[in-house]
There are 2 protein chains.
Amino acid sequence: MQENREKEDRMVYREKEYKCGIDATLAVVGGKWKASILWHLSQRTMRFSDLQRQFSGTTRKMLTQQLRELETDGLVHREVYPQVPPKVEYSLTAKGTTIIPILDQMCAWAKEYLQ
Amino acid sequence: MQENREKEDRMVYREKEYKCGIDATLAVVGGKWKASILWHLSQRTMRFSDLQRQFSGTTRKMLTQQLRELETDGLVHREVYPQVPPKVEYSLTAKGTTIIPILDQMCAWAKEYLQ
DNA sequence: CTCTTATGTTACAAAAAAGGTACTACGTAC
DNA sequence: GTACGTAGTACCTTTTTTGTAACATAAGAG
């Protein structure tokens, strides 16, 4: 634990500089729907319409946008099936699965400490 | 791990509803400077001017704002010394220290997976 | 032809977050 | 009585994020 904090340990990711990796991680999962999307995809591959159903409070546009960013960051895989009407499936990449334990911890922390 | 995900497990915190605790946690530490502030305070108590020095890229106003929110959420303690010129010290509360391991993990994750 | 369906995109509007600058308070030292 | 120093607050602007509504596509069914 202590070894993470010896120095400032700033980092750069996608052209932006972050003070310590925490901010970089938050940049990746901090979008309004990203954490939930990752969490749902950790349970099963879903197609776009499945996600729309899960996130009935949002719009196609937001979902697409968040998914594209997650894809860009390499956490989510997007598989397009060449059919009409379209079929697109989203799933976690190996890298995407590595962040799930952290999300689980955040979930547990909220349950224990936020009321 | 699996037990966190049996149901939707939405939660309410400070009048807002979150899909699963992850979003609630992000609401608490997701501000632009909050994670860094917590991380610095986990190392030592600091007075306002110390924080200003650490976060030279921001303004008094932003710092105050973020600190107040952290205080409201019970993660940070604000101790005012009745002297002139003023002296105010910030430190983590017990609750505040409980989130540090998660921040450390985020830091480690970024180092390992983001480049 | 026209309608349906799934997965988008685009242009625009609204809301939220962050930033900038100036002003305050008040004991102390000069 | 004027300037100093810390820790703010008030007001306003800019930037970023989120939301809304309309349009796009193209195979297959009728």
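Naming: A, B, ... by sequence-line order, numbering from 1 per chain.
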Rounded interatomic separation in angstrom, taking CZ from B/Arg68 and P from C/dA17: 18 Å
Selected nucleotide, minimal atom distance to A/Arg78 side chain, candidates C/dG20, D/dG8, C/dT7: C/dT7
Upstream residue (5' side of DNA chain C) when A/Gln65 and A/Pro85 are each assigned their closest nucleotide: A/Pro85
Whole-Å gap separating C1' (D/dT17) and CG (B/Asp23): 15 Å
Phosphate OP1/OP2 of D/dA27 contacted by A/Tyr81 side-chain N/O (<4.0 Å): no
Whole angstrom value for the distance that separates C1' of D/dA21 from CE of A/Met62: 16 Å
Candidates C/dA6, C/dA18, D/dT6 - which lies nearest the side chain of B/Pro86: D/dT6
Per A/Thr64 side chain, nearest of listed nucleotides D/dA7, D/dG19, C/dT9: C/dT9
Distance test, side-chain N/O of A/Tyr90 to OP1/OP2 of C/dG8, below 4.0 Å: yes
Under-4.0 Å side-chain N/O to phosphate OP1/OP2 contact, B/Lys87 with D/dG5: no
Residue-phosphate contact under 4.0 Å: A/Ser49 side-chain N/O, C/dT7 OP1/OP2: yes
Exercise: do B/Tyr90 and B/Asp50 side chains pair donor with acceptor under 3.5 Å: no
Carboxylate-amine/guanidinium contact A/Asp73 A/Lys95, below 4.0 Å: no
B/Lys87 to B/Tyr81, cation-pi by 6.0 Å centre distance and 45° axis angle: yes
Short side-chain N/O contact from B/Gln66 to OP1 or OP2 of C/dA18, under 4.0 Å: yes
Touch class at under 4.0 angstrom, heavy-atom based, for A/Thr59 against every strand present: base
Interatomic distance where CD belongs to B/Glu89 and P belongs to D/dA7 [whole Å]: 9 Å
Distance below 4.0 Å between B/Trp33 side-chain N/O and C/dG19 OP1 or OP2: yes
Selection from C/dA22, D/dT20, D/dT18 that lies nearest to any side-chain heavy atom of B/Arg60: C/dA22
Whole-Å distance separating the CD atom of A/Glu69 from the C1' atom of C/dG8: 16 Å
Derivation and outcome, side-chain contact (heavy atoms from CB on, under 4.5 Å), residues B/Val29 and A/Ile22: CA-CA 10 Å; B/Val29 302; A/Ile22 304 170; over 6 Å; no
Closest nucleotide among C/dT9, D/dG19, C/dC26 to the B/Val84 side chain: C/dC26
A/Phe55 CZ - D/dT18 P separation (whole Å): 14 Å
Euclidean distance, atom CG of residue A/Leu63 to atom P of D/dT18 [Å, nearest integer]: 12 Å
A/Leu67 CG to C/dT9 C1', straight-line distance once rounded to whole Å: 15 Å
Nucleotide of D/dT6, C/dA18, C/dA6 approaching A/Arg47 most closely (side-chain heavy atoms): C/dA6
Polar pair under 3.5 Å, donor/acceptor by atom type, side chain A/Lys61, base D/dG19: yes
Nearest-0.5 Å distance, CG of residue B/Leu92 to CZ of residue B/Arg44: 12.5 Å
Rounded distance [0.5 Å steps], CZ in B/Phe55 versus CD1 in B/Ile37: 5.0 Å
N or O in side chain of A/Lys32 less than 4.0 angstrom from D/dG19 OP1/OP2: yes
